[in-house]
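On a predicted model such as this, the values are computed, not experimentally measured, just so you know.
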Amino acid sequence: MINTKKNKLWLVLAAAMAVGVAGCSDGEDGKDGEDGKPGGDGEPGTSGIHIDMAETAFANITNAAYADGIITVDFELENAQGVGLHGLSGENPFHDFRFSLAQLELQADSELKQWFSLLNEATNDAGTTFEQGFEKISDCVECLVDHKDGRYTYTFTTNLASAADPAGVVFDPALTQRIAIEMQFEYDSGHELAENAHYDWIPSTNGTEGVETRQLVTLETCYTCHQPDSLKAHGGRRLDMENCQSCHNGLVTDPNAVSVELGHMVHAIHMGPNREGRDADGNIVPMPYTVSGYHGDHAFDYPAFPTKPFMDCQTCHVEDEQLADKDLWMANANANACVGCHTDRPAQHSASFVPPEGVGCISCHSSIDHTKHGNPYEAAKDYSVSVSDVMINANNDISFNMQITDPEGNLVAEDEVYKQGYSKPYMVVSWDVDKDYPDYDQAPYSQRRIDIKDSTKATWNADNTVSVSVNINFPADVADRTFEILPVLKVCFVENTTTRTDCAAQDAYPAYVQTDAYRTVLSDPDAEVASRRAIVDEATCFGCHSKEFYHDSNGVNCISCHTNDKSLKGNGNAANGVALLKSTSFMYKAHKATGHDNGHGGSGTILKTDCMTCHAEVAGWSGSNYGFELGRNAGQAHTVPSTQNPAVGETVETWYASPDAAACMSCHQKYMSPAAMAHLESNGAYFGPDKQMAKDAKEACATCHSPSKVMEHHGHSL
């Protein structure tokens, strides 16, 4: 507060003093006083925001220098808006911030090059196995300089010129070196900041251009099957492929000397239960990859690589011109990667062939082509099946002619078309394609599949054309509906080649023909045939499953057989002994498939809530609404078990749900409360024993649950 009276008095006194001084002056000015001494430098100010206030943090290493065995590194931290983050400190207990070092060593007379960690630490009491070590800012507070604007400098404490690495790795400043940052802040509030960064350079020259690399795969390729959250390893601190390479390098193992080198580990894990080897007595036994960690032994003995051909290397090793070493995997230089799949004692060989007792893989297998397994599929995708002369008479007899041709137009013979066990060459007849295919009660898929090697249904003519004639329970107005004949069949090729062969040959390998279905409106051949509404991006399915699905794989046409109202099947028993049921519809199976469903809110290969794994946005396919727009499937009934939480003595029955309700229930039924079910039903949904009521339901879900809202519910945004 300003004191007005005192201020006025001060002005009066000041004026009087000024007059008095003027009155006593002798007319001479006094000498100027000496200049005061300059003050000391003040503490530098800050710009940006404090890191503890940041919602996001991104790291970037801008420079590194090496002198007399010591590395100094400059780096920046900023938020998503590019604002610098100051305040990083080794004294802050929440600031878990560390650095690792690795060098890229090249092997003479070989294409092999491998990262080897520095700063190693022993992983067993005997000191014979090792893991990557770190320098933490909490261990040397004074080593970190905060420039108060998001820029920092850290000086390593390890003298690489004089320190003896426990694993015997010798630092060579002339080799490519990698500095990697790991940060993971876990605050008491639950907020978390995690980030990785790396910097590759040659210390002896301080060069960063043209340095040797080892870039075989990208993390983005891993995201074809995995999702970012599922690959946030070690509690969420390891995020980038480069950091994975630094730690999981050619030296590190678990305490039992099992390699955890990235190439070995990834191959071994993805073999899952199919990995086998020989026991001490020479017997072939399952040998899933088993590592000992902080929580004990863990065996990767569950399905892990859902592809056919089984080990399709090109699922991960894609053609990417941005990868400097994209073809290095075909050099077969890393024997450790070989035994990731084939084990230390491959089932194909005795111990005499395996180091250290005998010769190594490369001695005999230096020119293995791991791409050749896909040759039959590459050939089959260019084959085609054509359908003509489709007729349906008053007795519901359908007849048509068809032929299978190679890219040169040559017809495939009957003996070159595969049939064995469950796998049969089918032509699947459907209608109402735009309404999720036929009603199961009228024509189950088993009655719509025509085995073209069944002589009671199809005749192979002398010229290798096929004439088909069967009876199907068609609706009376089938001629006015969308109509489809889908080929689902395999042609046989000589294994590992594109050469077609007789399926009875010992080296025959069958591959599905990838050809478009025949679609028409029989009463109007010139009509534009409506297709099924856009739901999933088929490329994402093939990206994970490779060239063949579980069965009947011609594109992603599962819905033609696994219709929404397909019958239920047994699903084991509940904990209380009650027999469970599950749906066999495409939507339900896709949401519940092993690897897709990892538990409510859980994580794994595909995160439970990560709809974008399959429902990707594709230009021209409904844009941001792709796969998420509710209310597009009115008139359909979905077969759903009456409960997934049965009481003791309760019988689980076949019930039906209206479309939007079924979409939610396919994932959430087990966890939905009575209040949630009441909410669905109060907004027009139906769930109960009456199939027609499910079809007639007038759902209003889309009124509130827009595509963007649906994605928000699942933790994403469009």
Side-chain angles (χ1 to χ4, degrees), residues 59-76 97-120 130-135 137 140 143-145 151-182 195-219 238 240-252 261-263 320-329 331 333-334:
N60 177 44
I61 299 176
T62 57
N63 188 51
Y66 173 76
D68 301 324
I70 300 297
I71 290 177
T72 302
V73 58
D74 298 320
F75 62 97
E76 299 173 337
F97 198 99
R98 57 184 71 177
F99 300 86
S100 66
L101 296 174
Q103 69 181 10
L104 186 65
E105 297 187 7
L106 285 66
Q107 181 172 308
D109 304 320
S110 170
E111 295 183 68
L112 179 64
K113 47 185 175 180
Q114 185 62 275
W115 288 104
F116 284 89
S117 53
L118 300 167
L119 313 177
N120 292 294
F130 304 94
E131 66 181 0
Q132 171 108 45
F134 298 89
E135 287 207 6
I137 63 171
C140 183
C143 293
L144 180 70
V145 177
R151 295 180 301 117
Y152 298 86
T153 299
Y154 179 79
T155 302
F156 279 76
T157 61
T158 304
N159 188 316
L160 296 169
S162 60
D165 185 84
V169 178
V170 178
F171 173 74
D172 185 344
L175 296 177
T176 299
Q177 303 290 332
R178 171 169 292 171
I179 303 172
I181 285 175
E182 287 183 8
E195 173 65 335
N196 290 172
H198 75 282
Y199 186 83
D200 294 351
W201 104 114
I202 298 177
S204 61
T205 64
N206 274 334
T208 58
E209 297 296 329
V211 299
E212 282 284 351
T213 64
R214 193 175 185 274
Q215 299 176 339
L216 281 75
V217 295
T218 66
L219 201 57
R238 313 263 166 84
D240 293 349
M241 178 67 73
E242 291 79 9
N243 287 59
C244 298
Q245 289 176 325
S246 295
C247 286
H248 291 276
N249 55 70
L251 171 71
V252 296
E261 182 258 331
L262 193 63
D320 186 343
E321 295 303 322
Q322 301 300 313
L323 290 172
D325 305 294
K326 65 182 179 65
D327 296 324
L328 184 61
W329 67 277
N334 184 7

task: Ignoring hydrogens and angles, state whether a donor on the side chain of Ser100 or Glu182 is under 3.5 Å from an acceptor on the partner side chain.
output: no
- prompt: Checking side chain to side chain contact (heavy atoms under 4.5 Å, CB included) for the pair Ile71/Gln177: CA distance, chi angles, key distance, verdict?
  reply: CA-CA 11 Å; Ile71 290 177; Gln177 303 290 332; 5.8 Å; no
Heavy-atom pair of closest approach, residues Val252 and Cys247: CG2-O, 3.0 Å
Residue that, paired with Leu118, satisfies side chain to side chain contact (heavy atoms under 4.5 Å, CB included) out of Asn249, Leu251, Leu101: Leu101
task: Would you check if the side chain of Gln245 reaches a backbone N or O of Arg214 as a donor-acceptor pair within less than 3.5 Å?
output: yes
Side chain Lys113, main chain Thr213, donor-acceptor under 3.5 Å: yes
query: Is a side-chain donor or acceptor of Glu76 paired with a backbone partner of Thr62 at a separation under 3.5 angstrom?
result: no
message: Working to the nearest 0.5 angstrom, can you tell me the gap between Ile202 CD1 and Glu212 CD?
response: 8.5 Å
- request: Would you name the heavy atoms of Gln103 and Phe171 that are closest together and state the gap between them?
  value: OE1-CA, 3.6 Å
message: Would you compute the distance between atom CG of Asp68 and atom CG of Asn159 and round it to the nearest 0.5 angstrom?
response: 8.0 Å
task: With rounding to the nearest 0.5 Å, note down the distance linking NE2 in His198 to CE in Met241.
output: 11.5 Å
field: Interatomic spacing from OH in Tyr66 to OG in Ser204 - rounded to 0.5 Å
entry: 9.5 Å
- request: Starting at CG of Asp74, measure out to OG1 of Thr153 and round the result to the nearest 0.5 Å.
  value: 4.0 Å
task: Report the C-alpha distance between Cys140 and Cys143 in whole Å, list the side-chain angles of each, state the deciding distance to 0.1 Å, and finish with yes or no for disulfide (SG to SG under 2.5 Å).
output: CA-CA 5 Å; Cys140 183; Cys143 293; 1.9 Å; yes
- prompt: Which class fits the ring pair Tyr199 and Trp201: parallel under 30°, tilted 30 to 60°, perpendicular over 60°?
  reply: tilted
- request: Taking only Lys NZ, Arg NE, NH1 and NH2, and the carboxylate oxygens of Asp or Glu, determine whether Glu242 and Arg178 approach each other closer than 4.0 Å.
  value: no
Taking every non-hydrogen atom, the tightest pair across Leu104 and Leu106: O-CD1, 3.8 Å
Aromatic ring pairing Phe99/Phe75, orientation class (parallel under 30°, perpendicular over 60°, tilted between): perpendicular
statement: When every non-hydrogen atom of Ala167 is compared with those of Asn120, the smallest separation belongs to CB-ND2, 3.9 Å
task: Give the minimum heavy-atom separation between Glu105 and Leu175, together with the two atoms involved.
output: CG-CD1, 4.0 Å
- line: For Pro203 and Pro173, the nearest pair of non-hydrogen atoms, with its separation, is CD-O, 3.1 Å
- request: Could you check Asp320, Asp325, Leu328 and say which one makes a side chain to side chain contact (heavy atoms under 4.5 Å, CB included) with Gln215?
  value: Asp325
task: Hey, could you give me the NE2/CD distance between His248 and Glu261, rounded to the nearest 0.5 Å?
output: 10.0 Å
field: Reference residue Ile181; test side chain to side chain contact (heavy atoms under 4.5 Å, CB included); the match among Asp240, Ile61, Asn243, Val73
entry: Ile61
task: Go through the steps for Tyr152 and Phe97 under the test ring-ring contact (aromatic ring centres under 6.0 Å, His included), then give the verdict.
output: CA-CA 12 Å; Tyr152 298 86; Phe97 198 99; 7.6 Å; no
- prompt: Checking side-chain hydrogen bond (donor to acceptor under 3.5 Å, both in side chains) for the pair Ser246/Gln132: CA distance, chi angles, key distance, verdict?
  reply: CA-CA 8 Å; Ser246 295; Gln132 171 108 45; 5.5 Å; no
